[in-house]
Structures are given as structure tokens and as C-alpha cells.
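Working notes for the structure below.
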Amino acid sequence: MQPVFQRPISLKDVATHFCPGCQHGLIHRLVADAMDHFGVQPQTIGVASVGCSVFLYEYFDIDVVEAPHGRAPAVATGVKRARPDNFVFTYQGDGDLAAIGTSEIIHAANRGELFTAIFVNNTTYGMTGGQMAPTSLPGQRTLTSPEGRDVTIDGYPMRMAEVIAALDGAAYSVRVAVNSPKNILAAAKAIKTAFSYQIEKKGFAFVEVLSACPTNWGMSAVQANERVAKEMIPYFALGTFKEKN
Amino acid sequence: MQPVFQRPISLKDVATHFCPGCQHGLIHRLVADAMDHFGVQPQTIGVASVGCSVFLYEYFDIDVVEAPHGRAPAVATGVKRARPDNFVFTYQGDGDLAAIGTSEIIHAANRGELFTAIFVNNTTYGMTGGQMAPTSLPGQRTLTSPEGRDVTIDGYPMRMAEVIAALDGAAYSVRVAVNSPKNILAAAKAIKTAFSYQIEKKGFAFVEVLSACPTNWGMSAVQANERVAKEMIPYFALGTFKEKN
Amino acid sequence: MAKVVIDEARCKGCALCTLACPKKLIRMSDKLNRQGFLPAVFPAECSRDCTSCALCAQMCPDVAITVFRAEKGEKP
Amino acid sequence: MAKVVIDEARCKGCALCTLACPKKLIRMSDKLNRQGFLPAVFPAECSRDCTSCALCAQMCPDVAITVFRAEKGEKP
Amino acid sequence: MTHDVFMTGFGGQGILVIGNLLAYAGIIDGKNVSYYPSYGVEKRGGAANCTVVVSDEEVGSPVIGAPSAGIILNQASFDRHIGRFKPGAFCLLNSSLVAEGAKRRDDLDILRLPLNEMAQELGDARMLNMIAIGVYVANCRPVAFDSLKEALKKVLPERNHRFIPLNVKAIDLGAAQVK
Amino acid sequence: MTHDVFMTGFGGQGILVIGNLLAYAGIIDGKNVSYYPSYGVEKRGGAANCTVVVSDEEVGSPVIGAPSAGIILNQASFDRHIGRFKPGAFCLLNSSLVAEGAKRRDDLDILRLPLNEMAQELGDARMLNMIAIGVYVANCRPVAFDSLKEALKKVLPERNHRFIPLNVKAIDLGAAQVK
Amino acid sequence: MSERQLVAGNIAVAMGALAAGCRYYFGYPITPQSDIPAYMAGELRKMGGTFIQAESEIASINMLLGASACGFRAMTSSSSPGISLKQEGISYMAGSELPGLIVNICRSGPGLGGIDPSQADYFQAVKTGGHGGYRTVVVAPASVQEMYDLTILAFDLSDRYRMPAVLLADSLVGQMKEALECKPYVPPSDLPAKAWAVTGKQGRKDQRIVKSLFLGEGELERHNWKLWGRAEELKAKEQRSEGKYLDDAQLLVTGFGSAARIAKSAVEMARTAGLKVGYLRPITLFPFPEVAFQQATATCKKVLCVELSTGQMVEDVRLSVARDAEVVFYGRPPGTGSLPTPEELFGQIHKHYGKGA
Amino acid sequence: MSERQLVAGNIAVAMGALAAGCRYYFGYPITPQSDIPAYMAGELRKMGGTFIQAESEIASINMLLGASACGFRAMTSSSSPGISLKQEGISYMAGSELPGLIVNICRSGPGLGGIDPSQADYFQAVKTGGHGGYRTVVVAPASVQEMYDLTILAFDLSDRYRMPAVLLADSLVGQMKEALECKPYVPPSDLPAKAWAVTGKQGRKDQRIVKSLFLGEGELERHNWKLWGRAEELKAKEQRSEGKYLDDAQLLVTGFGSAARIAKSAVEMARTAGLKVGYLRPITLFPFPEVAFQQATATCKKVLCVELSTGQMVEDVRLSVARDAEVVFYGRPPGTGSLPTPEELFGQIHKHYGKGA
Ligand SMILES: Cc1ncc(C[n+]2csc(CCOP(=O)(O)OP(=O)(O)O)c2C)c(N)n1
Ligand SMILES: Cc1ncc(C[n+]2csc(CCOP(=O)(O)OP(=O)(O)O)c2C)c(N)n1
Ligand code: SF4
Ligand code: SF4
Ligand code: SF4
Ligand code: SF4
Ligand code: SF4
Ligand code: SF4
Ligand SMILES: [Mg+2]
Ligand SMILES: [Mg+2]
């Protein structure tokens, strides 16, 4: 028998610490796949952020620099400027990128830094136990919005793929989901396209991936996956918001 | 004889420290005019930022809180939440608001904070002697871009009025200039409209004012004023980018 | 004619693969695995119906699934 | 018929008011003021031509200009 | 008089609930108490431990190097912690999940009970923790049984108060194991 | 031997240029030097001061409490600083702009020269600073005149080197005022 | 006596703040202090107060600055890396003479480190990690009751001396539960009114300006001496410590917060074993209880300082003791499995008791 | 001997950095250090290096972290408030064992303060203002030549001990011009290779991971002791100071950087006046030259410490001197018109000379 689906070689053969049904694992796999696809793993330097994905180096078989919370784009800027011939990517959560790290991602994008940004939006602060995130949906109950997010006080969910797309320095910005095989295949393609922007020096590329956090949503994995389709996608439209040539 | 043009009463009758031809003074006057217009001066708390406009309290006859560089929107959030019945405005330069304070202005806008933000864009760090700002134009020579801003390395000028307009929490966002009597009258009107958004609790209002910095542009006041029309307005389009009802 | 191998030690029992399979070939076990989860199982008899589309594997967050296809002429 | 008063002590000699006046009534002095600037002057004889449009005052960054209009029936 | 107990198991076994319960019972008895929890890194299913001290005097350290009593609910916890107990300490082992093995400690006063099965028999697998606390309190008497039961009202969320009778039954079942 | 001089005026009078010039001349002479500038808050037109020390020994403080020489170019600087000088200090006052007034100091060795007018006469109002430095160097001899002139090449930007002859003339004019 | 409840230290801080009249909370999530914002989110909105989860720690401290400038009691809480980010804001608050409470439930470091109890932020809190030379009140609770009481004290001192206050604790004291008695808060009758708070001029003649920029001749120097004078007054009046067995001690054990809590058990063990060991715990870290140390070391010439770090407070102990007293150090820098036990500290007491000095 | 140029201190720092092989500069504008980025902007881009004006001080320090993780010499510069904002990043660099140079041309504070020369960031630099307990090299130049030389030394020590280095100066030393001799840089032959730098695996077997998160049992504690050990080694080997007239001194005057510079003139005045006054200036603030102070105070029992602050280094002086030596303090917290003169400090010497101790 011939294998038709196998673990990417850039992904280490170890169990993850992610909760059952957490799609960080799946997104890791897609990133590793893209690395394999372009054969860039030997040149890759990953920049980890603080969040449930902090253990990047445990799962990817690459060199990794860990950034302070929110600062991965600045660290990646330092890395990529110092080693322009390496392949550099960041991997950040929504608390990390859209709250504390707002400034860093916007200015890195605006400078057109030549790294690839993977942004995992699960509408909550996963690692710290489920606080309201900048992307939490209106009415979403979290540790710090026990009565549900009140947009008049807490503000509106941030649509980061659109914000990034609006910056002159950004070359590619897309939002994908991984809640169904179809969306997963589209996500895989988007990540590869984003990688190609770096490889071909076309500019800064940004991939927002909608993801489930069953634990902090207080749901089973299956319910959580359903919420992505029912509640997240209607608010966070899937699509390509910028694609410079 | 009857006076047809007089100094607004909210503006103290003192000389400013601004350089000849610096339009901070003019913008101060327009803000004071709007305060007079609505009679809000007795309730007003201004939030000063760090930049050439740091001496807000020397010129406006109001209570003032001075914020650390870039943080005026956060300070104003604290002030307005604590004293919701007061009239609160911030006054920030482009280094302050569009560089170090990116995160604070974006999230205050996104929360729909009920204060009014005055943003003075003079394409440079005035107070610190003329470094490149996030709004410096492509090719603009500054202390830190001696060969001219290179967009491929330094990034693109940020169009803040548009960025703010794109946030769900922002109710009013406009860009004006003060380089001609006509533009000044439009600017005066925009500032009043912005004030009305706070007074009528319609939401966060943002006024970007294009302004000249003759000193750091290395120009006479008249040349600097011309540059606003010739170079800035073509890049930073004047107009209303959002006007919620 | 294909084979789906689910690494029981990696499976966290999230059941997302069961949703993904267009043929509904995968089901959840009722015996806890070493990690304390109820893992997914691909019953051997399902090999026949499996198209090796690998959608189950695509969907698995824990990369616990490998899919094999019979090579041309290979015996079942 | 109007009067424009330029506060010499406040004027920084930027000359922006001279651009603003549609009638070109304001000119720059060639005598330094106390601050070391060459201030703007509104020659008394210009009162006649001044429309009290106040555009000069609108334009002044240093709020150094006050504009007066003759009230109805007021003597020049 | 000071009592301290170290309880250890994995998340979901209800360790922290009975830790709280014991501490609250101590308060009801007018004692000084401390309850100190500690967890593993994992979000779900990781280790869960706590130390409870109940005392007539001021409580010093809420962390105890060599605890004088223990409740050990699974194998991993046994392997990791059994070495710490003070010689002579009373230890309840959940024999449903703990095989002991290499790390036997003959100097402890060990009671082995198949808590999983006992809870199942009682009709609710989740009652395992209540049986355990019943055993411990009956053996070491750090608090009065009435206080322990009284404390259920404080510790269980309102919506679970209807289960209090079952909890009491489980505590009693535990107590009954101690002669 | 150590020379120190405090120069004070407003921005635009070229105080900092002659401070640099003197310091560079000291270096050319193989001396130890320090040049310490200080400004007012204003961006344009504010106060501009500097202290220069030229010495055969290591230079200690670049800040001098009671300077032993001074160049004072305008009234505001005079009013603010005249009290600081060491008794007997040589002070050049720009009488074009300084009226002295209440703060007369009879214990100083004061030379009054109408520098503005002298510079105008020389054909370039900006040469005022060069005349001043010529006066000071001629009086106190902290550096060799040749070094001072040599230093012009180091201190003036390339594009202004064509003005060096005029600068030299101004220095000489200053020197000529000192008998 | 109000009822005793079983409460976690973090929650006691929140309850203390509410009792002290604090109605403004600004924070950003970080372990191990997340109970505080979670509690505040529920309670404050219920009572009409303000809870904002800010976009960052920097935004939080500046929102606090704004609310405090309006004259209201306000607070933020965070943990080590988050507190580092607040240093500029704290310096501004100090420079602007603004009160306000900053709670640091320390975690292990440096960098991302881990979430175990730590005392390695002592220098940052006490020597002040921001720029420009200023002081803040620093209190260090060692029990759940103190988490409540010292929160209130911190607000009072902060208002009285017009400087920010830092509550320095860690997850041991923060996550531990003990009996808490919520004594009702009675504001000190002599607390000065906040006549500096911005309110809008409302017809008032003078502007109120909350700022830290002072450019006039000599102005900033005077301002600094004024702030220094307040800190000196604080030192003179507000040193607090807890001592036990000091009369006949031959070895003095000291530490703050969680380390002191563990050390106290070790001291009891030592006394039980017949060793003449004393115990002295700073409750205020700034002002450091210098007087108590001076007094205790007038007779007891050896001090063992225990910290959950490689040694920071030990410097202040050295600066405070009698000149002829010897100070030794035992540290356990934090991390998984690095919390010392009373038994371990008893071992250290044994090691040093009766030797030297 | 290379030519002597008249150079400002700030520029000397930039020149020193370039000489030391630093090709990566990340900064954000702030007075009074703006000459450094302005110089770097021109020079670095000319020579193919990287100059980035970042969006903030926080971004700068993290870009520095990234470039340093790649094994290159890199730097940032700022002034007090900006340095406060970098504290989290510095802690991360220390935790990740990354070298890198952070230049602080201090301004007056607290808060916005002013731009006058200040030494009130001593605590922040030396006690470390970030969280979690770590140390950095701290050097304190007192002349333009030292601005150059100590920049190079800071890079060397930073690489050797794998910790960030801070150069602490102020606008007196930064804006002052003096003769500078640019000695060519010869890298120490025994500097260890950066075998930890990320490069991409490039076929290497092991991953390289630059991080500060350590969750394994006991791992973070061991990591902390390792960092502590390096700091101890630094203390043992790298203390630097400048002394003069120490043999017969009856009063020792000390201070660092700009204050020392002024104090030195006062000491010369005192010697001229026949007073037996000595001079001891720490060049490295961390490691603090404890040995030099111990030795000097073996005979000289009174020390006058001068700072442009209300007193910070004086604590380290107290901790370093012989037990029976007395330390007195004279401070001028910074602000417009607050720089002390040599004459003023000579007055202080007079006041303390021959009295007490
Ligand atoms: C400066 C700082 N502030 C806060 C934290 C605490 N913290 C750790 S992870 C995290 C955010 C996690 O949320 P997200 O980025 O959405 O990632 P997720 O876990 O959801 O994937 C926070 C706030 C920190 N480590 N550092
Ligand atoms: C944290 C911090 N970083 C940097 C500075 C230095 N600084 C003072 S004003 C300023 C920016 C001035 O530019 P802008 O905001 O555009 O105002 P302008 O002067 O042009 O009106 C900067 C960077 C500071 N005070 N604080
Ligand atoms: S907490 Fe949420 S984001 Fe984190 S591992 Fe669990 S499911 Fe994933
Ligand atoms: S430097 Fe520029 S912005 Fe500042 S006062 Fe002068 S002209 Fe205005
Ligand atoms: S490969 Fe396709 S058909 Fe086979 S089990 Fe997986 S999803 Fe079902
Ligand atoms: S998707 Fe993967 S982890 Fe989830 S049940 Fe199926 S095989 Fe197990
Ligand atoms: S009022 Fe109008 S017409 Fe009169 S001087 Fe001014 S601009 Fe000219
Ligand atoms: S615009 Fe105002 S400041 Fe400028 S020249 Fe005219 S009057 Fe003077
Ligand atoms: Mg998230
Ligand atoms: Mg600007």
C-alpha cells in the first residue's frame, strides 16, 4: 500500500499539548506542509509568540526564536533583516497579535517586511484561560465578559485581515478556516501562497486562520467546530483581501 | 468698530513657543473656537501628548492631564470613563499617534470611546528635531532618512484617518488641512462636528489635520505652507471617511 | 480499497475525523486509551469502502491519521 | 471699511497672512520686533479697502490678528 | 493541634473540591486553615494537587515538605509524590488506579480502597472524591463531620445543592471504611 | 596651563561654531579640550551657550562654575550669566546688543565692542562670531592663531570652505582689537 | 466580627480594593493573577463601576493614570512581564504625584520564565524599575487576610503620600485560600482631599494640570526634592513589620511574603527543637522596616535572609542591620518544583545557628 | 596613533559600535540621544548595514532581540522613558542569554521630566528594572574617549557573558565634544563562537532555540543559577574603576559618569588647596568595583558620594566599603539649572573633610 496522507517531515513526530479538538495542531500541520512543499525547512527560522502555540519548537523541526507577548513581528523583523536569505515566519494568536501586539504587526506589515505571518484567531485568550480577546464576538461570554461582550463598552471584534490588507506595505492578506475539509484545503493553499510571497520577495503576507478553542468556549470539539461555521465565519468573512503582484 | 475676528476665550492670551509659521497654533485656535462654540470649556479636560504640542495647558484655559508619549488615548479613556459628563479631547502629533501610540488610538477608536481625538500630521517628529515619522512622504529627507524615505525599507506613509474609519467603533473620521482660508474653514467645521459626536454621545470622533513644520522641513513658513498643498494633500486626501449617524 | 491507520496513542478522541469522512467509516471507541481519551477507530472491514480521499486525515488536529491506497494490482 | 490690528509682540513674521488676504493689504515690516522677527503690518490707509473678511486672521498661526468692522453709520 | 494533608490526582477527579471542602469545614470549626492548590502545565487532564492545613494555631507554611497525611488518587501521582510523606503518615490509596509497584513505602499507614468501583456502586462515579475525604476525616479527625457536611453548601455551586444528600452518603461511606 | 571660556548668545549668532572652532584648534595644538553646549527649550531663536576648556593636563569638568573668560553676545545672556564669572575674568561684551545696566561688574576685565556693526562693516553680518573668537584668542592665547585658522577647515562644512578667507579676515579683525 | 469566608488571595485583593472604594479597574490577562480581573469584571459592572480589559499592560497603566488624575481610587493588576511594561507609566504617575494601586502577582522569570511563585521582582518594585528616580509604596502580604488588609492600606498610603503603591505578592499567596474576615473600611479621617484632581474648571479660577514636565529654572530639581521629602516622611512614619521571638534570638530569620510564610514554619520547628531563633518579616518593603532591623540586630548578630530569588531584599537587609551583624542568604530562584519546604529552611537554620558573627 | 578628532560623546558611541562590528541599529527618536540614530542612519545604510527607525522603543528592543538571536552584534539607544519601555525586552534577552547593547543617554525625570543630564536611572540599570531577576553589564563612560572605548568593551563583555549590556550616560557626556582617538578594534581572540545562534537548521541535527520559557522540573531554577553564576564570574573578573590620590586620602570622593567628571575637578581643587582628598570612579557599574572600594576604605574612612539624583549608587557604595567607613551623600537631582559646578563640590569636600569617621 502506498501512503496518500502522511505527517509532513517538518513536523516532529511527537504528541502535542493541545486540547482535544484544538485546531492549533491542524494549523501547525498545514504550515509544516507548506514548508515541505517549498523545501525551505533547512532555512527556516520560526518566531514563536506567547499563547497556546508558544511551544513551536517542540513541534516544528526548525530553529526558533521565542518573542515576548505580541512582539513576534518585531523579533521577526530583526531576524529577517539579519538573515535575509532565511525563510522566516511568525505564528501568533489573537490576543498576541490583535491586542498587545497591534502596533508591531501593523508596522511590520506597513514596512513590507519579508516574513510570513500566521495569525490564529480563536476569539479568546486560550493560554490564560479564556478571557475576552479583541476578536471575541459580540455577546460572547468569557472570563472577563461574564455577561457577554458588550460592544458599547468592550468595543467591536477586530477584523485583522482587512486591517492589514489596507496597509500599503502588505502584499497578501487572506482569511481562511479549518473547520471542514474544503476549508482546510483552501487554507493549505493560502498558506502556500503566503510562503511564495516571501520566497519570491513579493512582500509581506498575512494569513488569518479561524480556529476552535473547545476548552475555553466550554464546548465539545464537535460543537466548537460547528461554532466556527455558525458564528465566526458570518462575522469574519473568509476571503482574499489583498493579493499584490 | 465691531470685532469680527477675535481670539477665542478658551485660548489663553499668551504667546506660544511654536516656531514661526507652525500651524499647531492655528489648530489650537480652531479647537478653542469649537470649545467656545459649544460652551464646553468649563467641563473640558484636555489630554496632552508628547511632542511640540505638549504645553497644551499653557495655551488652553482648561484642566489638563499630560500623557506619556503615544498614550493619550489610554489616558483619555481613563479620564472619560471616570468623568463621563466632562468633555474630553486628546491632541497628538503623528509620531505620537501613528508610531508609538498606534495600538492605543486603534483600540480606543474601536471601543468607541466618547472622547474627541485631534491628530496633527506634519510628516515629522517636530519636537525631537525632525526624524522620519510614520507619515513622512516617500523620498522625504529627515534626520533619520538622510537619503529620503525609502518605502521598501522604511515602509509607507500611514493614512490614519482611513485606518480609523475602518474600525467599527469609530463614528466620525475626517482629514482636513489648514493651508488656506478655505481649508481652514472646513477644518473648523470638522472639529465642531467631531465635538458634536461626543456631546451627542454618537461615538468616537477623529480629526486628522495636515500641518506644516517649517523648522524641520528646512523651509520658510510660506514654502512649508505650499508643501502642504503640493505634496501632502495629494498623498493624504482631504475628506470625510466616516460619518455615522 | 484503502487503509486508514489511526495512531491510538496520538488520538485525543475529538471525533472531528468522523465528521469529515464522507462515507462515515470512522467511529469512536468506547475504551479509554492510555491518555484517558476515547479514540477514533477505523474498522478493518471498512477498507473496502474507503476511497482514500484522506479527508479524515486532513481534518485531524493531531495528525493521528495516515491513509494508504492499494497500489495498482495490489491484493486487498 | 474695516480695521485690522496686528499684535506686533505676538507676530512671528511668518507672512502667511499676506498670502491669505485676497486684497493683498498686509505687508511685512523691515524692522525687527522685540522677539527678533520682522512682523506683518496693516498700513492704516488700507482700512478703506479692507472688507473685514478676516481671512488674514483665520490664517495666522499665532492668533496675532484681530479684525474690526465699522458698525453701520460709523465714521471712517 | 495541626493537621495537614496532601491530596493528589488528575484534573477531573475532584481533588480541589474536597480540598476546599476540608478547609471550609475547618473554618466552620473555628480553626485556622490554609488550602494551597498546584497544577500541571496542561489545560485539560493534567495533574491536580492541593495541600490543606487545619490548625488551632496560626497556620505557617501552606506548603508542607513531608505531609502527615495523604489522599492519592492515581498512579502518576503515587509515583511522583509517595516518597514525600512523613514516616507514619496516613495515606489513602485509590487502589482502582494505583498499583504501587517499586515505590512501596512500608513505613506509612496505608489504606487501599478501590474508590472508582465504590463510587460506581454508589451510583455516581464522580463521588469518588467525597468517599476519599470521608475516609480521611474519619481517620485523622481534623474537622467535625457535621462541619464537613455543612461546608458542602459553601463549596458546591447553588445548582448542585440538590446532590448534597448523595455527597453526604459518599462521605459516610468513606467514614464507614475506617474502624 | 588651563584655559576656560564661557560663550553665550542666542541661536543664530554662531556661538556653537566658534566653540567648536576653539576646541578643534586646541586639538591641533596637541592640547586636551572639552566643548560643552547647552540650549534653551525653544526650537528657534532660543539661548545658546557653550563652555570650552583647553588644557595641557587632562580636562576635568567640562562645566565651569566660575569661568575665567567670557564672550557675551546679547542682553539676555548678559543678564543671566554675568554674575558667574570669576573676578578678573576677561569678558568680551557685544555692545551692539548689550547695555549692561544694573548688573555691572567692575571686577572683570571687560572689553566692549560693537560686534554687529563691525561685522556689517566687514561685509557679512554673520562674521560677528569670528570677530569675537579673534578677540578672545588674541587676549587669552589659549591656542595658536594658525591652529584656529587651520581648524576652520575641520569645522565648516565643505560647501562653506569658500568663505574661509572672509572668516580669517574676521578673526584677524578681532585680534587687532587687542593691544 | 464579620463572617470568615474561605477566599483565595487574589480574590481578597479584589475584595479589598472594592472595600476601599476602588471602582476603576484596568487590566490585561496574565497568569497567575487572572482571578483578579475575572472577579472585577463580574462585580464592578454590577455595581456601576468601570472594568476595562485594555489592549495591553501599557494601555492599562495609562488608563489608571487618567482615572487617578480625576481623583478616583483606581487600580491595575498584572504579573511580572506585564509589570515591566508598566514601568514608564509608573514613573509618569510618580512624577505627576498620582496615587493608584499596581498589583504584581509575580511569576518566575526572567523573560517568559514560568508561572511559579517568585520574589525576583523585588528590585523592580522597591528600587523602582522605571526611570528618573522616584519611590512608590510597596506592601508585601503573606496571608489572604493581608492580601485584603494591605490592599486597603496601600490605597490609603498612596492617597496620603501622593505616590503610586505596589502590592507585591506571588501565586503562593495569590492562589492559596484561607479564612478571610472582611472588616468594613473606614477611611482615615485625616486623608487630605484631592484638591489637585482634574474636574474641568467649572468656574474655578486656576487650571488643574496633572503633569510631570518641569522646565523652569530649578523647578524640576525642587520637584524631585519634594517627592524625595514625601518618601522620607513615609520612611519615618510608615514602616511596618512582624516580629516574633526577637528578645533572645541568636539567629534572626527574615524574608517577605510567601518565603516568610514558609520560613515562619521553619522558625517554629527550630524553637520546638530548642534553638533560639527569631523571625522578622517586612510588611512594607518600601518603606523598608530599617528601624526594626536595627533594633533586632542590636543584640542578635546573625541574620538569615530567605528569598525566592538569587538574592535581592538581602541588600536592603544588609543596609539596615547593625554594622557588626552578619547577613547570610538562602535563595531558591523560582521554577517548577523550586518552592522550598519548611523542613529545608529548618536545615538552613541548623547550618547557620550558633556559627560565626 | 590615529588622528584625534573633535567628536561628541553620542557620536563616539555610534563610532565605537561600528568599530566593534555592529551593523544592526534599531531605535526610536528621543532627546538627548538623537545624534546616535541620525549618525547611524547615514553610516549604516552606506555600508550595507541595517538601520531601522522602529515604531516604538518596544519594537526596537525586540528587533534587537531578533538580530542578536541570529548571532550578530546589534544595538539600540534611547533615553530614560524609552528605556523604561524596553525593560520587558531586556528581561527576555537576559533570560534568553542574548548579548546586545542598550545605550541610555539619561534625561531628567521622573515621568516626562526634562532633558537635562541625569543619573537617576542608576537603579533601573544596575538593579535591573525588568522582572524576574537577572543582571546586565553596565558601563558608565565619563569622557568622549570612554564613550567609544566602553561601547566596544560593552559589546565584548556582552558576548562573552551572554547577557545584554547597558551603556549608561547622560547628555553631559553625550553632547560634550572632546578629542577622540579611534583605536582600531581587535576582537579578543578568546571570544567564544556563537554556537547558539539561529541560522536555520541547514542540515544540523539539533534545533537551535532561543527562548526563556523553562517548564521542566527544576529547569528554570537551574537556568537562574546558571545566569547567576555568569554574573558572579563577571563580578570576579571584570570590575573596572579609575582611582587617583588614594594612598594618603582622608576623604574619598566618588561618583560615576558626568558627576565624577565634575567631581574630579573639585578633587584637584582640594589637592591644590592641600587637602588629602582621593578620587575613585566606577567605570563598570555592574560589576560594581567592590574590591577597589574595599581597598580604598581599608585606610580612608570617609566617602563622599556625588550623584545627579537624590541618591542611588550610594547604596552600592555603602554595600562595598569597609564596615567602619562612613558614607555621606551629595545629590543634585536633575533639571534646568541643576548641574553642580566643581566649585560647589569643592564646597562639599570642605564641609566633610576632616570631620567624623
Ligand atoms: C506581557 C505579557 N502579558 C500577558 C501575558 C500572558 N499571556 C500569555 S498567553 C496570552 C494570550 C493568549 O491568547 P492568544 O494570543 O489569543 O493565543 P491562544 O492561546 O488563544 O492561542 C497572554 C495574555 C504574557 N505572557 N506577557
Ligand atoms: C517614550 C518616549 N519616547 C520618545 C520620546 C521623545 N519624543 C518626544 S516628542 C516625540 C515625537 C514628536 O513628534 P510628533 O508626535 O509628530 O509631534 P510634533 O512635535 O511633530 O508635533 C518624541 C519621539 C518620549 N518623550 N517618550
Ligand atoms: S486552551 Fe484552547 S487554544 Fe489552547 S490548546 Fe486548549 S483548545 Fe487550544
Ligand atoms: S518644530 Fe515644527 S512642529 Fe515643532 S513648533 Fe517648530 S514648526 Fe511647529
Ligand atoms: S480516507 Fe476518506 S473515505 Fe477513507 S476513512 Fe478517511 S475520509 Fe473516510
Ligand atoms: S480527528 Fe484525530 S484526534 Fe480527533 S478523534 Fe479523529 S483521529 Fe482522534
Ligand atoms: S480682513 Fe480680509 S481684506 Fe482685510 S486685511 Fe484681512 S484678509 Fe485682507
Ligand atoms: S500670519 Fe500672524 S504671525 Fe504670521 S506674519 Fe501674519 S500676523 Fe505675523
Ligand atoms: Mg486566541
Ligand atoms: Mg509630527
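Lettering follows sequence order; numbering is per chain, from 1. Hydrogens, waters and symmetry mates play no part in the numbers below; they use all other heavy atoms, side chains included. The structure displayed is predicted, hence computed values, not measured ones.
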(request) With a 4.5 angstrom heavy-atom cut-off, could you sort out which part of G:Glu315 is near chain H: side chain, backbone, both or neither? (result) both
(message) Tell me if a side-chain donor or acceptor on G:Ser56 pairs with a main-chain N or O of G:Ala59 at a distance below 3.5 Å.
(response) yes
(request) Could you look at H:Arg332 and say if it's the side chain, the backbone, both or neither that has a heavy atom under 4.5 Å from chain G? (result) both
(message) Using a 4.5 angstrom heavy-atom cutoff, name the option from G:Gly114, G:Gly113, G:Ser338 with the most pairs to chain H.
(response) G:Gly113
(request) Select one option (side chain, backbone, both, neither) describing which atoms of G:Arg107 are under 4.5 Å from chain H's heavy atoms. (result) neither
(message) I'd like to know if the side chain of G:Arg318 and the backbone of G:Val327 have a donor-acceptor N/O pair within less than 3.5 Å.
(response) yes
(request) May I ask you to check whether H:Phe123 and G:Phe123 place their ring centres under 6.0 Å from each other? (result) no
(request) Count the heavy-atom pairs under 4.5 Å between each of G:Ala120, G:Ser96, G:Ser108 and chain H, then report the option with the highest count. (result) G:Ala120
(message) Under a 3.5 Å distance rule, please check whether H:Glu307 uses its side chain to pair with a backbone N or O of H:Met313 as donor and acceptor.
(response) yes
(request) Find the one option among H:Gly111, H:Gly129, H:Gly109 whose heavy-atom pairs under 4.5 Å with chain G are most numerous. (result) H:Gly111
(message) Under 4.5 Å from any heavy atom of chain H, what part of G:Leu213 do you find: side chain, backbone, both or neither?
(response) both
(message) Under 4.5 Å from any heavy atom of chain H, what part of G:Thr310 do you find: side chain, backbone, both or neither?
(response) both
(request) Heavy atoms only, distances under 4.5 angstrom: which of G:Gly335, G:Gly89, G:Ser212 has the most pairs with chain H? Name it, please. (result) G:Ser212
(message) Out of the candidates G:Ser118, G:Pro29, G:Pro32, G:Ser171, only one should pair with G:Ser79 under the side-chain contact (heavy atoms from CB on, under 4.5 Å) rule; please name it.
(response) G:Pro32
(message) Between H:Lys127, H:Gln87, H:Lys86, H:Met93, who has the most heavy-atom pairs with chain G when the cutoff is under 4.5 Å?
(response) H:Lys127
(request) Please indicate whether G:Ile115 has more than 12 foreign heavy atoms, meaning atoms of other residues, nucleotides or ligands, lying under 6.0 Å from its CD1. (result) no
(message) With a 4.5 angstrom heavy-atom cut-off, is it the side chain or the backbone of H:Ile90 that approaches chain G, or both, or neither?
(response) neither
(request) Could you look at H:Asp316 and say if it's the side chain, the backbone, both or neither that has a heavy atom under 4.5 Å from chain G? (result) side chain
(request) For G:Thr76 and G:Ser60, indicate whether the former's side chain and the latter's backbone hold a donor-acceptor pair under 3.5 Å. (result) no
(message) Keeping G:Gln33 on the side-chain end and G:Ile30 on the backbone end, is there a donor-acceptor pair under 3.5 Å?
(response) yes
(message) Can you tell me which portion of G:Glu221 sits under 4.5 Å from chain H's heavy atoms? Options are side chain, backbone, both or neither.
(response) both
(request) Would you mind telling me which of G:Ala94, G:Pro334, G:Gly218 has the largest number of heavy-atom pairs within less than 4.5 Å of chain H? (result) G:Pro334
(message) Among G:Ser84, G:Gly95, G:Gly133, which residue has the highest count of heavy-atom pairs closer than 4.5 Å to chain H?
(response) G:Ser84
